[in-house]
Amino acid sequence: MSESFDCIVLGCGGFGSGALYHLARRGVRVLGIEQFGIAHDRGSSHGETRIIRQAYFEHPDYVPLLRRAYELWHELEVESGRQMFHRVGMLTTGPAAGEAVPGTVRSSELHGLPLERLTPQEARRRFPTYHVPDELSVVFEPQAGFLEVERCVEAHIQAAVHHGAIVRTEETVQHWSCEGDTVRVRTDKGEYSAARMIVTAGAWASRMLAELNLPLNVVRKVVFWFPAPLRHHAADAGNCTFFFEVNGGQFYGFPSIDGRTLKLAEHTGGETVTDPARVDRDLHPTDLLRVADFVRSFLPELNPEPVRHSVCMYTKTPDCHFIVDRHPHHPQIVLGAGFSGHGFKFTSSLGEVLAELAMESRSTLPVEFLSLGRFGAR
Ligand SMILES: Cc1cc2nc3c(=O)[nH]c(=O)nc-3n(C[C@H](O)[C@H](O)[C@H](O)COP(=O)(O)OP(=O)(O)OC[C@H]3O[C@@H](n4cnc5c(N)ncnc54)[C@H](O)[C@@H]3O)c2cc1C
């Protein structure tokens with residue numbers, strides 16, 4: 001006999017934890033299955049911090065999802081009694097004809113979002129950690145900041161459980177199938193059935209949805225913590241998150257939150273990972289080359305020798321936009337995949353969207369631009 005639920009969430013990392021919370025909050029009998037622990041460090045939702053911003057350079061269509069994300073992060077903070085969103089602002093710099101600055105300005109103008117245009121001199125004076133060269137354009141988004149990533153996942157899961165969700169950790173889904181209206185799931189520990197299922201398997205999405213042949217490429221990303229002991233490096237001294245489009249790449253980072261180190265990484269690049277369970281977590285000298293050059297040029301006070309590193313995975317689509325849709329052959333299955341290295345800030349609002357798509361077959365937020373059909377899969 002298999003246990004039966006209204007909905008199963010396959011994978012309880014960033015998006016699964018958000019979906020689980022929104023299902024449980026609306027009274028759905030929901031089971032979450034996670035192969036590791038909660039807020040573990042073997043997927044894509046770990047490493048202390050994630051940037052959150054609204055003037056979205058990637059595409060203005062994300063802005064309504066971000067407005068809702070901001071509301072929901074606030075609600076989750078109130079419900080959990082813990083702060084997880086730190087509104088320290090964000091400095092974005094790059095060529096006037098590049099991707100980041102013009103895209104940020106476009107989204108801010110289209111959606112009426114606050115954005116300050118700074119000269120490089122003003123940026124250097126206000127944020128002395130960063131050396132913005134005179135030839136680059138600079139904007140500052142005051143409503144941006146960072147999320148404490150593990151705390152967000154834990155808070156979604158704890159609140160989901162509080163609303164009645166059942167979560168099974170250290171349990172791996174091995175197979176699922178649809179029989180009529182019922183979804184059947186077999187794990188290494190048991191069997192379950194449900195009327196609906198949400199697949200939020202991160203870097204494992206292609207394996208869990210093999211029949212769809214999803215156009216996903218998983219890449220290895222290394223993030224670094226560099227010594228940053230000066231007072232003005234710290235978030236609580238007014239330092240902000242940053243995004244630089246320079247040297248043929250995009251680099252981002254955070255103010256120091258421990259008063260000793262500052263986290264930064266390259267957003268572009270990364271080697272393809274063939275098996276997410278076996279991603280290389282060691283640090284190799286070549287991992288550091290471009291990031292150390294970036295530090296020398298643009299954060300020149302820092303010693304370019306990191307004190308620690310962490311390895312994470314991006315699951316990228318060909319256009320680097322997400323896939324949030326119903327399964328083309330099984331309407332009772334919903335998928336959230338291919339978050340392409342910029343998804344975490346949306347786990348609150350897209351968690352809600354995934355729950356709506358699963359239970360009501362449509363979402364109140366506009367997500368058609370994230371459909372799987374754009375890759376010709378339907
Ligand atoms: C280094 C790095 C920096 C980033 N920076 C930012 C940023 O600044 N801002 C931002 O918004 N986004 C950022 N992102 C992107 C963001 O973190 C990801 O888009 C998001 O965390 C992906 O969430 P997910 O739920 O898809 O994956 P995950 O959080 O990895 O969740 C998938 C879960 O499914 C589980 N699972 C898979 N298969 C099975 C199975 N068979 N059985 C049971 N469980 C299973 C996995 O164990 C995992 O827990 C960054 C990502 C990385 C790697």
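Note that the structure is a prediction, hence the values are computed from the model and not measured. Counting starts at 1 for both ligands and their atoms, in listed order.
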Query - Side-chain ion pair, Asp134 and Arg124, N-O less than 4.0 Å - result: yes

Requested in this report: Working to the nearest 0.5 Å, report the span between CG of Leu230 and OG of Ser256.
Outcome: 10.0 Å

**Report entry** Short side-chain donor-acceptor distance under 3.5 Å, Glu148 and His86
**Finding:** yes

Report summary line: re atom 36 (N) of ligand 1, the protein heavy-atom contact at minimum distance is Gln35 NE2, 3.4 Å

Query raised in the report: Mind checking whether Cys12 has an N or O less than 3.5 Å away from an N or O of ligand 1?
Result: no

Query raised in the report: Do Asp293 and Arg290 sit within salt-bridge range, that is, some charged N less than 4.0 Å from a carboxylate O?
Result: no

Report task. Classify the contact between Glu34 and ligand 1 as side chain, backbone, both or neither, using a heavy-atom distance cut-off of under 4.0 Å. Result -> both

Report task. Below 4.0 angstrom from a heavy atom of Phe339, which ligand 1 atoms are there? Numbered from 1 as shown, please. Result -> 19 (O), 26 (O)

Query raised in the report: For ligand 1, is there an atom lying under 4.0 Å from some heavy atom of Ala265?
Result: no

Report task. Considering only NZ, NE, NH1 and NH2 on the basic side and carboxylate oxygens on the acidic side, decide whether Arg68 and Glu71 come within less than 4.0 Å. Result -> yes

Identify each donor-acceptor pair in which a side-chain atom of residues 97-107 lies under 3.5 Å from a protein atom, sequence neighbours left out, and give them as a table.
residue	atom	partner	partner atom	Å
Glu99	OE1	Gln250	NE2	2.8
Thr104	OG1	Ala100	O	2.6
Ser107	OG	Tyr56	O	2.7

Query raised in the report: Are Glu79 and His163 close enough that a side-chain donor and a side-chain acceptor fall under 3.5 Å?
Result: yes

Report task. Would you check whether His342 has a nitrogen or oxygen atom less than 3.5 angstrom from a nitrogen or oxygen atom of ligand 1? Result -> yes

Query raised in the report: Of Phe57, Phe251, Tyr252, which is the lone residue that meets ring pair (Phe, Tyr, Trp, His ring centres under 6.0 Å) with Phe243?
Result: Phe57

Query raised in the report: Tell me: protein heavy atom nearest atom 5 (N) of ligand 1, and distance?
Result: Arg50 CD, 3.3 Å

Report task. Would you check whether Phe36 has a nitrogen or oxygen atom less than 3.5 angstrom from a nitrogen or oxygen atom of ligand 1? Result -> no

Query raised in the report: atom 41 (N) of ligand 1: which protein heavy atom is closest, and how many Å away?
Result: Val173 O, 3.1 Å

Query raised in the report: Are any of the heavy atoms in Tyr252 under 4.0 Å away from ligand 1?
Result: yes

Query raised in the report: Backbone or side chain, does any N or O of Tyr314 fall under 3.5 Å from an N or O of ligand 1?
Result: no

Query - Donor-acceptor pair between Glu356 and Thr364 side chains, under 3.5 angstrom - result: yes

**Report entry** Identity and separation of the nearest protein heavy atom to atom 16 (C) of ligand 1
**Finding:** Phe344 N, 3.4 Å

Report summary line: His40 heavy atoms within 4.0 Å reach ligand 1 at atoms 47 (O), 48 (C), 49 (O)

Report summary line: Among non-hydrogen protein atoms, atom 23 (O) of ligand 1 lies closest to Phe15 CD1, 3.5 Å

Report summary line: In this structure, atom 53 (C) of ligand 1 is nearest to the protein heavy atom Cys312 SG, 2.3 Å

Requested in this report: Please indicate whether His74 has more than 12 foreign heavy atoms, meaning atoms of other residues, nucleotides or ligands, lying under 6.0 Å from its NE2.
Outcome: no

Report task. Tell me which part of Glu171 gets within contact of ligand 1: side chain, backbone, both or neither, using heavy atoms under 4.0 Å. Result -> backbone

Query raised in the report: Backbone or side chain, does any N or O of Ser44 fall under 3.5 Å from an N or O of ligand 1?
Result: yes

**Report entry** pair Glu266-Phe294: side-chain heavy atoms closer than 4.5 Å
**Finding:** no

Query raised in the report: Is there a heavy atom in Arg207 that sits closer than 4.0 Å to ligand 1?
Result: no

Query raised in the report: Just distances here: any N/O of Gly16 and N/O of ligand 1 closer than 3.5 Å?
Result: no

Query raised in the report: If you measure from each non-hydrogen atom of Phe146 to ligand 1, which part falls under 4.0 Å: side chain, backbone, both or neither?
Result: neither

Query raised in the report: Would you call Arg117 and Glu109 a salt bridge, taking side-chain N to carboxylate O under 4.0 Å as the test?
Result: yes

Query - Hydrophobic cluster identity match, Met208 and Val185, side-chain contacts under 4.5 Å - result: yes

**Report entry** Side-chain donor-acceptor pair present, His233, Glu301, cut-off under 3.5 Å
**Finding:** yes

Requested in this report: Mark yes when over 12 heavy atoms from residues, nucleotides or ligands other than Glu305 sit less than 6.0 Å from its CD; otherwise mark no.
Outcome: no

Query raised in the report: Would one find an N or O of Phe254, backbone or side chain, under 3.5 Å from an N or O of ligand 1?
Result: no

Query raised in the report: Nearest to atom 9 (N) of ligand 1, what protein heavy atom do you find, and at what distance?
Result: Ile51 O, 3.0 Å

Query raised in the report: Is any N or O atom of Gly343, backbone or side chain, closer than 3.5 Å to an N or O atom of ligand 1?
Result: yes

Query - Those atoms of ligand 1 less than 4.0 Å from some heavy atom in Thr200 - result: 32 (C), 33 (C), 34 (O)

Query raised in the report: Atoms of ligand 1 less than 4.0 Å from Gly43 heavy atoms?
Result: 30 (O)

**Report entry** Mode of Gln174 contact toward ligand 1 - side chain, backbone, both, neither (heavy atoms, under 4.0 Å)
**Finding:** neither

Tell me which donor-acceptor pairs under 3.5 Å the side chains of residues 27-39 have, and how far apart each pair is, sequence neighbours excluded?
residue	atom	partner	partner atom	Å
Arg29	NH2	Ser4	O	2.4
Glu34	OE1	Cys12	N	2.9
Glu34	OE2	Phe36	N	2.8
Glu34	OE2	His40	NE2	3.4

Requested in this report: Write out the residue and atom name of the closest protein heavy atom to atom 21 (O) of ligand 1, then the distance separating them to 0.1 Å.
Outcome: Ser45 OG, 2.7 Å

